[in-house]
Amino acid sequence: MVRLTAALILSMGLAACQQDTPRIAVTQNAGDTRVAKVLFGAAPRPTAQSPAALGGYAQGCQAGAVALPETGPTWQAMRLSRNRNWAQPVTVEYIQDLSRFAATLPGWNGIYVGDLSQPRGGPMLTGHASHQTGLDADIWMLPATRLDLSRAEREAISSISMRRANGAYVNTDWTPQHEALIRAAASDPRTARIFVFPGAKVAMCQNATGDRNWLNKVRPWYGHHYHFHVRLNCPAGDATCADQAPPPAGDGCAEAQDWVNTILNPPPPDPTAPPALPRGELTMASLPVQCLGVLNAN
């Protein structure tokens, strides 16, 4: 069992959702020192190219993105002013499928969908380190009881936190429906990982019956108590997309309990530990060469 220090958990928080994400060695754009998030954050529309996830979840971009419709029979996209309801077609289909399952749960009429990706993916000006290739989606923990929210209401409403004791436990807003929704999301073969706060993973480990294989994909991660983060596998046949390594074998419950134990009893700081180095900005030279074409395409 790996012991997590408080300093390590903090450093993980600064790179949330990048767990096990490979860094892609790219030299074709060598010398292009422009900050990628500034360029991709300014792109208002997707490209007319064929859909493709280019690179890795935290070091890539997307071509041919499609929009998750702002409102559907079992979902609503939130925070529309961010223009982050763009993704690869497989992601949009996945969200619609998951929303239909959510609508079968007591007290849920569907789901509220947070950030997907920018129109051309790539690094974001604010928020996420990942969500760059159109294969990540944030699903709010707030049950979607109303699916007629106006654009203004979607800017003002907030999700609700599920955590207690800094994420060591779930709180009284956590329900069997949350567990059923995450189980359905993790059981889908399109899913690579789901990130959620440690206390939720431990609760699901304690309550899961029958087939527990889905728990392997549910990974404890810093934050993620207002939403859970779904990450999909690279689409079949997309040779430009870089998958993560599979999660470690097993249900991951011991690892999640270790996170909880460290939250409840953090070790004293190590006075000899070197200070964390600041993360540098991703430049265009850091991204796959195809991302320059995405940026410049119509």
Side-chain angles (χ1 to χ4, degrees), residues 14-68 82-95 115-138 190-195 219 221 229-247 279-298:
L14 296 176
C17 306
Q18 283 188 268
Q19 188 179 40
D20 303 328
T21 301
R23 303 295 289 179
I24 302 168
V26 175
T27 59
Q28 295 95 325
N29 293 332
D32 192 342
T33 60
R34 292 177 296 168
V35 176
K37 70 180 182 182
V38 174
L39 302 174
F40 282 97
R45 297 178 302 278
T47 71
Q49 299 164 306
S50 297
L54 302 163
Y57 303 97
Q59 193 178 5
C61 61
Q62 65 170 334
V66 296
L68 175 71
R82 296 179 177 178
N83 199 26
R84 295 177 178 177
N85 61 317
W86 300 89
Q88 291 296 288
V90 65
T91 308
V92 171
E93 293 169 3
Y94 175 97
I95 291 168
D115 286 351
L116 304 181
S117 296
Q118 298 174 138
R120 303 189 183 200
M124 294 183 181
L125 286 170
T126 60
H128 310 281
S130 58
H131 289 254
Q132 294 189 28
T133 57
L135 298 174
D136 293 285
D138 289 344
R190 292 169 289 189
T191 302
R193 276 171 171 74
I194 289 176
F195 299 101
R219 314 306 298 177
W221 206 241
H229 176 164
V230 176
R231 173 168 292 166
L232 301 187
N233 294 304
C234 288
D238 191 342
T240 60
C241 180
D243 261 319
Q244 291 182 243
R279 292 181 55 82
E281 299 283 10
L282 282 178
T283 65
M284 289 303 299
S286 305
L287 301 183
V289 65
Q290 297 94 331
C291 292
L292 184 59
V294 167
L295 193 63
N296 293 331
N298 292 326

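Positions are given from 1, in the same order as the sequence printed here. Heavy atoms only: backbone and side chains are in, while hydrogens, waters and symmetry mates are out. Just so it is clear, the model here is predicted, and its values are computed rather than measured.
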Engineer: Under 3.5 Å, side chain of Q132 to main-chain N/O of A58, donor-acceptor pair present?
Structural biologist: yes

Engineer: Enter the distance from D238:CG to L135:CG here, rounded to the nearest 0.5 Å.
Structural biologist: 8.0 Å

Engineer: Side chain of N83, backbone of P44: donor and acceptor closer than 3.5 Å?
Structural biologist: yes

Engineer: Do you know which two heavy atoms are closest between D243 and C234, and how far apart they sit?
Structural biologist: OD1-N, 2.9 Å

Engineer: What are the two closest non-hydrogen atoms of P247 and A192, and how far apart are they?
Structural biologist: CG-O, 4.1 Å

Engineer: Could you tell me which residues satisfy side-chain hydrogen bond (donor to acceptor under 3.5 Å, both in side chains) with R45, sequence neighbours excluded, listed by chain and number?
Structural biologist: none

Engineer: Answer yes or no: is there a donor N or O on one side and an acceptor on the other, between the side chain of Q49 and the main chain of V294, under 3.5 Å?
Structural biologist: no

Engineer: Side chains of P123 and L287, heavy atoms from C-beta outward: is any pair under 4.5 Å?
Structural biologist: yes

Engineer: To the nearest 0.5 Å, tell me how far S130 OG sits from R193 CZ.
Structural biologist: 11.5 Å

Engineer: Please identify each residue that fulfils side-chain hydrogen bond (donor to acceptor under 3.5 Å, both in side chains) with E93, with sequence neighbours left out.
Structural biologist: none

Engineer: Hey, does the side chain of T133 reach the backbone of Q62 with a donor-acceptor pair shorter than 3.5 angstrom?
Structural biologist: no

Engineer: Does T191 form a side chain to side chain contact (heavy atoms under 4.5 Å, CB included) with L232? I'd like the steps, not just the answer.
Structural biologist: CA-CA 4 Å; T191 302; L232 301 187; 4.2 Å; yes

Engineer: Between Q88 and P51, is any pair of side-chain heavy atoms under 4.5 Å apart?
Structural biologist: yes

Engineer: For the residue pair F40 and C291, what are the closest heavy atoms and their distance?
Structural biologist: CZ-O, 3.7 Å

Engineer: To the nearest 0.5 Å, what is the distance between NZ on K37 and CD on Q118?
Structural biologist: 11.0 Å

Engineer: Working to the nearest 0.5 angstrom, can you tell me the gap between L116 CG and H128 NE2?
Structural biologist: 9.0 Å

Engineer: For the residue pair P288 and G55, what are the closest heavy atoms and their distance?
Structural biologist: CG-CA, 3.6 Å

Engineer: R120 side chain to L39 main-chain N or O, any donor-acceptor pair under 3.5 Å?
Structural biologist: no

Engineer: Looking only at heavy atoms, what is the nearest atom pair of T91 and G134, with distance?
Structural biologist: OG1-O, 2.6 Å

Engineer: Tell me, please, which residues at least two apart from R84 pass side-chain hydrogen bond (donor to acceptor under 3.5 Å, both in side chains).
Structural biologist: D115, T126

Engineer: When you measure from the side chain of S117 to the backbone of H131, do you find a donor-acceptor pair of N or O atoms at a distance under 3.5 Å?
Structural biologist: yes

Engineer: Nearest 0.5 angstrom please: N233 CG to Y94 OH, how far?
Structural biologist: 10.0 Å

Engineer: Which pair of non-hydrogen atoms, one from A87 and one from V92, has the smallest distance, and what is that distance?
Structural biologist: CB-CG2, 4.3 Å

Engineer: Tell me, do L292 and R34 make a side-chain contact under 4.5 Å, heavy atoms counted?
Structural biologist: yes

Engineer: Rounded at 0.5 Å granularity, tell me how far OH in Y57 sits from CD in Q244.
Structural biologist: 5.5 Å

